[in-house]
Amino acid sequence: MNYDFNQIEARWQKYWADNNVYKATNNSTQPKYYILDMFPYPSGAGLHVGHPLGYIATDIYARYKRHKGFNVLHPQGYDSFGLPAEQYAIQTGQHPAITTAENIKRYREQLDRMGFSFDWNREVKTSDPDFYKWTQWIFLLLFDAYYCNTADKALPISNLVAHLAQKGTAALDAVCDSNTPELTAKEWEQLSEEAQQHYLLHYRLAYLAETEVNWCPDLGTVLANDEIINGVSERGGYPVIKKKMKQWSMRIGAYSERLLQGLEHLDWPESLKEMQRNWIGKSKGASVRFTVQEHQAELEVFTTRPDTIFGVTFMTLAPEHELVAQITTEAQAEAVTAYVEATAQRSERERMADVKTISGVFTGAYAVHPFTGEQIPIWIGDYVLAGYGTGAVMAVPCGDQRDYDFAKHFDIPIKNIFEGVDITEAAYDEKGNTPLTASDFLNGLSYAKAIEKVIAALEAEDKGKGTINYRLRDAIFSRQRYWGEPIPIYYVNGVPKALRQEDLPLVLPEVEHYLPTPEGAPPLGNATQWAWDTAQHKVVENSKIDHITVFPLELNTMPGWAGSSWYFNRYMDSGNDQEFASAEALDYWREVDLYLGGSEHATGHLLYSRFWQKFLFDFGFVPVEEYAKKLINQGMILGTSAIIYREKGTQHYISKNKVGDTAVEPIRVDVTLVNAQDELNLDAVKKWQPQFKAATFDTENGVFLVDHEVEKMSKSKFNVINPDAICESYGADTLRMYEMFLGPLEQAKPWNTAGISGVHGFLKKFWRLFYNHDQCMVTDVPAGAEERKIVHQTIKKVTEDIEQFSFNTCVSSFMICANALTTAKCHSREVLEPLVVLLSPFAPHISEELWKALGHNSSVTQAAYPQFNPEWIKEQQKNYPVSFNGKMRFTLALDLALDREAITAAVMAEPQTQKYLDGKPPKKVIVVPGKIINIVC
RNA sequence: GCGGGUGUGGUGAAAUUGGUAGACACGCUAGAUUUAGGAUCUAGUGCUUCACGGCGUGGGGGUUCGAGUCCCUUCACCCGCACCA
């Protein structure tokens, strides 16, 4: 019987599915272990070889943990709401649900082909109403909550209402919008019901507000900060501009400190934790209030350097700052309006591109210095960001380079407050011990002391206070899209009202067009039929007009990260239609023990999901505040694109080495059209795309050579390698082991199939330890000492390496072991049996088959993990001959040893050693296992 | 600019965490076997030298009996953030 992987793999995959082998139970006497992959978005391109890398790693670990006696939860699902399916719908009219279902089917086939041990009974899809019912439910929970700083947790909004009714905003310490007016209890009572509801929006954790948003005109939607990369949209790379819009937001800022503190105890990659810390961007400083001359207004600024307050020579406001219109003098009005408009029209990208150009305009207004009473001119400049701090800065040109440059550019005076420091060329921005001068009561003080003193003074005079500022901004939660969760809100006279829990899910309605309505409403405005009626809770049939006009529904949908912010809890109890998961299930599984996914989610999904988890924890719905104990980022598998050169403006292509000085442009061609020698298949390329039909090719030595570039694997770059093809020619077990063998899990690496034959050869060699053609080779003859040793070494090494997720070295260990047993012609059951179990997490199909060859009737999945036997090792080590060869050197007569401590003990017990030491204890014993021993006296 | 990371043969990479650097695999060379093979097996393969030997973990310096590993310095590349007051 030869190693017929295709037949073996298909058979065992069917067996596992038919027998529900990997079903996890929610109660077990075994310890639990929850292993999770970041679930994929099912794209139309299907899986490429990069996707399974993480799934293979978690699958190995899951299977290992099962052997070790754990009740393992290893689920999989789909993040199935998203842009590509919707854009396909816009182009073709095909409902995104159909596209998505097709893609999921394809994904599932590909995943099954690789032999993963997922518990598919628990599959989730974020676009499934049974799932998004609970996404909507959590949204309403957030809508119905505010953040109480006193309790340092989220509380029901009813608590806030009670407080307002009793004391107004007095003694209220809660997170709210910066423009929230203060109220007395009486004023609160006098507000109309509507006004009260509007007022509460300042506090709700899911709230509706007029905010500055990132608007992407080409996508026709707003985007969150993490969805913008280098000033353009993450999806599609379209320009993004700032715009004021009424949008739903999530008050994630309320959790800034807890999100920051929570990182301390997480076993996550340091780089990723650092990214989150930077994103949260905590900075300590002070807020200072400046009064504006001839206006009632006060100008509040945030500064990390309140010690430099006597160096202030001007103020700068962001062009979007709300005071701009109010304080600008008539003389300056024209210039200011022009500047504000010009800034608004610049895209985020343009604004980022020329940070060097200094621009700004004087408002004509003056602020009053809180200590000196001096007049300070108020300017506008786009180097001040509207979204950070208060959108206004006190400019200290002597201590801040940007203020310095601005002052120089506009000829604003610069006042030096640093003793003995030369600022004729640049600002002095070090936080050193340089004493302050010309700073009244701060004179002579260093940085730290001055900050302390000035904050005390500000607080004493009620002109400011010590404060902490976070860069983290509230997350915009509305998207003007069709293919997302409907927001379960309706409006009564413009006041947002929550749907009742029994009205959920608010099912996504059918629409004829997936684009915004002619009136500019989001795509849901096209819906003529909602399965929901506001007042009577009846199904509305063709009567949208009445109800929608009376009680319009929210037409925005939720962003892509809504469903992924809590899905890990759903797997614990995915079939539950009463709760998002039962308390019992949540108590049993608690949290994800191992989470694996890419680092690109650092400031998106991984931050939002921590936020939602903390919120659910505050309300007692989940038992733990952090949902992922340990997280590993797998490195991306990169593709190698094939590049050919086209002479500019022609259809003439030139082989790689003949390009020379010719002006050419690089064109990507499909990598599958290129052979291992970098030669392009010219016939195939002419058929591949019409533009090559009439092309001419300048070859060298009769062949056309291509150039390469290593980059992200993507359909648009024609460099995608499909795992199905690898499975077809080598089998899933080879693919699994080869992907692990490629290099360390965390490292990014280009895909190449150069080494795959080595791994495949190992499996064939391993097979031949059991079968020689039709003859089963397994014997009951005991193995020799050498063979036992190598097997025990392999058990020890592989087990240790799995625990450290060092799967590439595991594969090497298996190869070494197989080579040794082959050379020794050892077919002893005694050593083959533990090896099969050891190998089964990596190559489950072949292991099942060989387990059967050993005479077992059950699946290898149920087998106990082989134990490294220290007793046996000790027994062996008694026989290690040790020879003394010189003053400080011993050589052990073995090629490899197992345990450094054991060898040290053995050597110390040697009479030769005792003689050498002459009764004195050694200073240090240095052992290189199996090799050399040095004893230092 | 700030933060994080990586530099080891022709290639992917190991290195028991301070202990024979290059395990294992690809590739390459030679040979065996086979009708043939992208099959299997054997031997060799860091550089240099006919050889003894010498040199080797981006460069320079240091600590140590001993450094790829620790410290200082410098260079190169990758990733993230970036007018954050």
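Lettering of chains follows the sequences in order, A, B, ..., and the numbering in each one begins at 1.
- A:Lys282 comes within 4.0 angstrom of nothing in the nucleic acid, heavy atoms only.
- Using a 4.0 Å cut-off between charged nitrogen and carboxylate oxygen, A:Glu270 and A:Arg277 count as a salt-bridge pair.
- A distance of about 13 Å separates the C1' atoms of B:U16 and B:U69, rounded to the whole Å.
- When the nucleotides B:A85, B:C24, B:C81 are ranked by their closest atom to the side chain of A:Ser812, B:C24 comes out on top.
- The A:Phe741 side chain lies nearest to B:A25 when the options are B:C83, B:C84, B:A25.
- Nearest to the side chain of A:Arg402, among B:C26, B:G3, B:C83, sits B:C83.
- Rounded to whole Å, the separation between the C1' atoms of B:G5 and B:G10 comes to 26 Å.
- Between B:C81, B:G38, B:A25, one nucleotide has an atom nearer to the side chain of A:Arg471 than all others, and that is B:C81.
- Picking from B:A85, B:A13, B:C83 the nucleotide with the shortest atom distance to the side chain of A:Val393 gives B:A85.
- Rounded to whole Å, atom C1' of B:C84 lies 15 Å from atom CG of A:Asp382.
- Between A:Gln401 and B:G1 there is no side-chain N or O to OP1 or OP2 distance below 4.0 Å.
- The number of heavy atoms from other shown groups lying within 6.0 Å of CD (A:Glu711) is above 12.
- Residues A:Tyr730 and A:Phe5 keep their aromatic ring centres 6.0 Å or farther apart.
- Searching all strands for a Watson-Crick or G-U wobble partner of B:C50 with both distances below 3.5 Å returns nothing.
- Of the C1' atoms belonging to B:C77 and B:C71, the separation is 24 Å, rounded to the nearest Å.
- Between A:Phe314 and A:Phe406, the distance from one ring center to the other falls under 6.0 angstrom.
- For the pair A:Arg305 and A:Val396, the minimum side-chain heavy-atom distance is 4.5 Å or more.
- B:G9 shows a glycosidic angle within 90° of 0 and is accordingly assigned syn.
- Candidate nucleotides B:C41, B:G27, B:G80 were compared by shortest atom distance to the side chain of A:Arg768, and B:C41 ranks first.
- When Watson-Crick and G-U wobble pairs are counted only if both distances are under 3.5 Å, B:G44 pairs with B:C28.
- Distance noted for atom C1' between B:A25 and B:U73: 37 Å (whole Å).
- The nearest whole Å value for the distance from the NZ atom in A:Lys284 to the P atom in B:A85 is 14 Å.
- Searching all strands for a Watson-Crick or G-U wobble partner of B:C77 with both distances below 3.5 Å returns B:G5.
- The distance between atom CG of A:Asp307 and atom P of B:A85, rounded to the nearest whole Å, is 13 Å.
- Remark: P of B:C77 and CG of A:Leu638 are 18 Å apart, rounded to the nearest angstrom.
- Checking the phosphate oxygens (OP1, OP2) of B:A25, a side-chain nitrogen or oxygen of A:Asn819 falls inside 4.0 Å.
- Nearest nucleotide to the side chain of A:Thr809, out of B:A85, B:A14, B:A13: B:A14.
- The 5' end of RNA chain B is approached more closely, in terms of each residue's nearest nucleotide, by A:Ser271 than by the other of A:Thr303 and A:Ser271.
- Glycosidic torsion of B:U17 falls within 90° of 0, placing the base in syn.
- A:Val811 comes within contact range of no nucleotide atom at all, as no heavy-atom separation falls under 4.0 Å.
- Contact annotation: the side chain of A:Phe807 never approaches that of A:Glu739 to less than 4.5 Å [non-hydrogen atoms, C-beta and beyond].
- Separation of the C1' atoms belonging to B:U8 and B:G22 is 8 Å when rounded to the nearest angstrom.
- Here B:C83 sits opposite no nucleotide as a Watson-Crick or G-U wobble pair (both hydrogen-bonding atom distances under 3.5 Å).
- Considering only the side chain of A:Pro744, B:A13 comes nearest among B:A13, B:A85, B:C81.
- One interatomic measurement links the two molecules: CZ of A:Phe762 to C1' of B:A23, which rounds to 16 Å at whole-angstrom precision.
- Within the nucleic acid shown, A:Leu385 comes within 4.0 Å of at least one base atom, counting heavy atoms only.
- With both ends at atom P, the span from B:U40 to B:C26 equals 10 Å, rounded to whole Å.
- The pair A:Glu300-A:Arg289 fails the salt-bridge criterion, with no side-chain N (NZ, NE, NH1 or NH2) lying under 4.0 Å from an Asp/Glu carboxylate O.
- Not one side-chain nitrogen or oxygen of A:Asn752 sits closer than 4.0 Å to the OP1 or OP2 atom of B:U11.
- B:A51 and B:G46 are spaced 14 Å apart, taking the P atom of each and rounding to whole Å.
- Comparing A:Thr357 and A:Gly755 along RNA chain B, the residue whose closest nucleotide (by nearest heavy atom) sits nearer the 5' end is A:Gly755.
- To the nearest angstrom, P of B:C84 lies 19 Å from CG of A:Leu260.
- Note that CG of A:Asp733 and SG of A:Cys727 are 9.0 Å apart. Values are rounded to the nearest 0.5 Å.
- Separation of the C1' atoms belonging to B:G27 and B:G9 is 12 Å when rounded to the nearest angstrom.
- Put simply, CD on A:Glu274 is 15 Å from C1' on B:A82, counting in whole angstrom units.
- Counting non-hydrogen atoms under 4.0 angstrom, A:Glu270 reaches nothing in the nucleic acid.
- Going from atom CG of A:Asn808 over to atom C1' of B:A15 covers 12 Å, rounded to whole Å.
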